[in-house]
Each structure stands twice: as C-alpha cells, then as structure tokens.
Amino acid sequence: MIPGLVIPMLLSFGAFRLGQRHPATLWSLSAIWLPSYVWLNGWPQLPSPEANDWLWLVALASTLAAALLRQRKYGVAPQIALLAAALLAMVWPLRHLVDAAMAVELLAALTAGSLLFCMPAVRTTVPALTLAVSASGLGLVASLGGSLLIGQLAIALAAVLSAFALAELMSRGRWRGMDAVFLMPLLQLYFLLLMIARVYADLAIGPAALLLIAPLAGLLMPHRYGVLGSAVSASAALAWLLVTADSSSYY
Amino acid sequence: MNIRTKYMLALAVMATALSVTPAWAETTATGKYKIDPAHTTVLFTVSHLGFSNLVGRFNTVEGNMVLEPHGNSSVEVEIRTASIDTNHGKRDDHLRSPDFFNAKLYPVIRFTSKKVTYDEKGEPVKLAGDLTLHGVTRPVTLDVTPIGAGKDPWGGYRAGYKAYTVIKRSDYGMNFMQGGIGDDIRIDLNIEATKL
C-alpha cells in the first residue's frame, strides 16, 4: 500500500500543486514514479538480464524524448524507437522462445504505442484520468494473473496520475493542464509493464489484449467519453481473468 | 587319472570359477554415477508470515556423481526451475514469475561441488560447491549423511545420500515479499544414484 499507492499519490498531489505555478514540473511525472519502483523492485542490479531492472532507464529516456518533442525536435521518432528498443531488449534473453505468436504480440504493443505517440493531439479531455484507469486495470489484472510485483508497479503508475486525474474529473474536462506529451513516459512504462507481465509472468492473452486496447480506446475517443472506453476495456480484462482463473487464495 | 590329478583338476576348476566375477557381484563404490530422478527428491522449506513453514519441492532433477572414497569425489546437480511444486497451482505460477524464481529467464538451478570433507571413518560429512540460483552463483556447503550403498536386485550398484543446507534468498537477488515470506530457505536433498 505505502510504496504502491500512498507515496506516489502524495508525490502526485505535490507535483500537481507545483505544476500549476511551474508547468515544467510536469516533466517529473516519471521521476515521481521512481521511488515506488525502487521500493518495490529494489535497487536495480546492473547490468541485469531482468527487464524490471531497466524500467528506470526507459522512464528517464522517454522523458528526455518527450522534452525534445515539445521543443519540436525530431518528432515522435525517438519515442517510437525507444519503445521498439525496450521491447526488443525485454524479450532478448528469451529469444530462443520467441515464436510467431509472440512476435505478433510484440508488434501489436509497438503499433499501439506508436499510434498514441503519433496522434497530433490526444482527443480526450481527460487524458490523465484515462491512463490512470488503464494502469489501474493493468495493476489489478497483473496482480491477480501472474505477477504481484508488476501489478504493484502499475498501480503506482496510476497513483502518480491521481492528482491530475482527480482535477480532470472534478473540472469535468474543463481543466486542460495535462498536455498529452507529458504522458508519453508513462505510456512507455505502461506498455512495457504489460508486455513483461505477458511474456515473463504468462498473463493470459485475452486480458492482455484488452489492456493493450484500453489506453487506445480511451485516449483516441473524443471528449471525456474516452475514459469510458478505457474503463470498459480494463473492466473486461479483469472480468475475463476472474472468470477463467483459479480463484483460490494462497497468501 | 589318479586321485592327485583329480584333486589338482578340481582345484584348477574352482580357481577359474572364482576368478570370473560377474558384474552383479561388484562391491566397490568407486566410480561414476548417474543420479536417479525417480528416487531423488529436492525439498525446500520457507517461513510463511512467521506462522508456519511451507514445504515445496522441485520435481525435475538430474545430475552425475563421481565417487572416490577418501578422494576427490564430485557432484553436479541440475534442477529445472519450472518444476517447482508447492501443491498449489496458482502459487506455483507466482513462484515461477519475475517476482520470485523468474523461471523463464533462469530455467536451471545448478549445484557444482568443489570439495568433499570426510570424517575419521572416511565417510563424507560436508560437500562444498557453487550454487547457481536466479542467475547468481555463490558458494554453499551442505551437510551430508550417507544412507547406504550396494548391489540392487537388477545387477546394478547404487549409493544414496541425504544432504541439507540453508541459504538466504536475498543473497540470490530474490527479495520480493521479504516481510511475508522468510529469507532463510532450507534445502533438503535425498539422492540415489546408480553406478554407470
């Protein structure tokens, strides 16, 4: 609870307050996820063949790429290249197990991410809320369906957005303080966490596919209805898992 | 043929018969052995919330031994990580995940011995070697107790040992849920090997 929810929520509210006076603070969104990451995953042992140990690098690199995008330098190519490289690096230790099906799934994740990065402007008026809903869904599904660690990291991702999501919800879409470009590092982390859960923790294909669609459905739909798309997709993933998986507890 | 000749002939026949030793009459333990997976178990015990001990096992084990009593015996054991079995499918899936053993990334747990220590009777009592678990290799020492050795009913020769050690999973980079699941893991092996 504390590292996965409380700490990132507190930092989120701090970043929100600070961001109202100093918009550049919003670049810190991926950075305020890092304390939770270190608490839950431990200090990354580098070099490491474990994908979890490199998430911090992706977060920081993506923040830099997004900053360049805001400066209108290089476009979205760095973000797409980063996602492609991260997915490839993530699956590289298991390259002997990669078959056509896994290749298609990785390509689907890359396509979904690229699509979101390439959109000139996110259509929904509640992007933070939408991504928070998707990440919450991923957190619950991963926790129940394969890896409690990945689930907690995803919940922390949602908590990082909590203050901004709340502002969007309460202003009913009138507050537009969250530029989509600030979300790109968190989107990178979202797709990577999802694919790590799929590849390494054998998260079922059905819920994984629905969670891949969740941010797409939400961020590309107009107005605040986008969050409904994300909520439906994430809820369907959770329901699928609950219906099909072994429900006995062993904790 | 006189009695003396018959007597000598009988002695010669007996000597010839005794010099032909069939394989099933092998009595020495020295030699190469293959671990018999059907009669070998690897168990681990870990604390759950400090309230009880959970016992699990690994079901796929293979390896080899070289026994040289009083000499440089050696053991190499490989365990398939994914064969973990705690009698609960969902928990076993969780243990195979990146949270714990990360079985896809680290499919094999390996022990390679380096030194055997014997007691005054010439029996092995300690087995020192390297344990590779979760991608980390560290030295460990097992306490060894010979159980028995000898001919089996099918003409082979078998030797059995039990051994145990205690490791800390944090030493091998397995730090998840330290509060709820103990750091100390006791490993018990019961090994039977057949002579090659």
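The number of heavy-atom neighbours closer than 6.0 Å to CG of N87(B), taken from other residues, nucleotides and ligands shown, is 12 or below. More than 12 non-hydrogen atoms from other residues, nucleotides or ligands lie less than 6.0 angstrom from CH2 of W54(A). For CZ of F44(B), the number of neighbouring non-hydrogen atoms (other residues, nucleotides, ligands) closer than 6.0 Å is greater than 12. Heavy-atom contacts from other residues, nucleotides or ligands closer than 6.0 Å to CZ of R4(B) number 12 or fewer.
Among T86(B), D93(B), I181(B), L105(B), the residue making the largest number of heavy-atom pairs under 4.5 Å with chain A is L105(B). The most heavy-atom pairs under 4.5 Å with chain B, out of P49(A), A197(A), A51(A), G42(A), come from P49(A). In terms of non-hydrogen atom pairs under 4.5 Å with chain A, the most contact-rich of G135(B), P107(B), S97(B), G173(B) is S97(B).
Counting only distance, with no hydrogens or angles, the side chain of K104(B) and the backbone of L94(A) share no donor-acceptor pair below 3.5 Å. In this structure a side-chain-to-backbone donor-acceptor pair under 3.5 Å is present from D99(B) to L149(A).
Atom CD of E50(A) sits about 4.0 Å away from atom NE2 of H134(B), to the nearest 0.5 Å.
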Could you please spell out the steps behind the side-chain contact (heavy atoms from CB on, under 4.5 Å) verdict for L148(A) and F176(B)? CA-CA 9 Å; L148(A) 191 55; F176(B) 194 62; 3.9 Å; yes
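For F100(B), no part sits under 4.5 Å from any heavy atom of chain A, backbone or side chain. Within the 4.5 angstrom heavy-atom criterion, only side-chain atoms of N102(B), from C-beta onward, approach chain A.
Side-chain contact between R96(B) and D202(A) is absent, with no heavy-atom pair separated by less than 4.5 Å.
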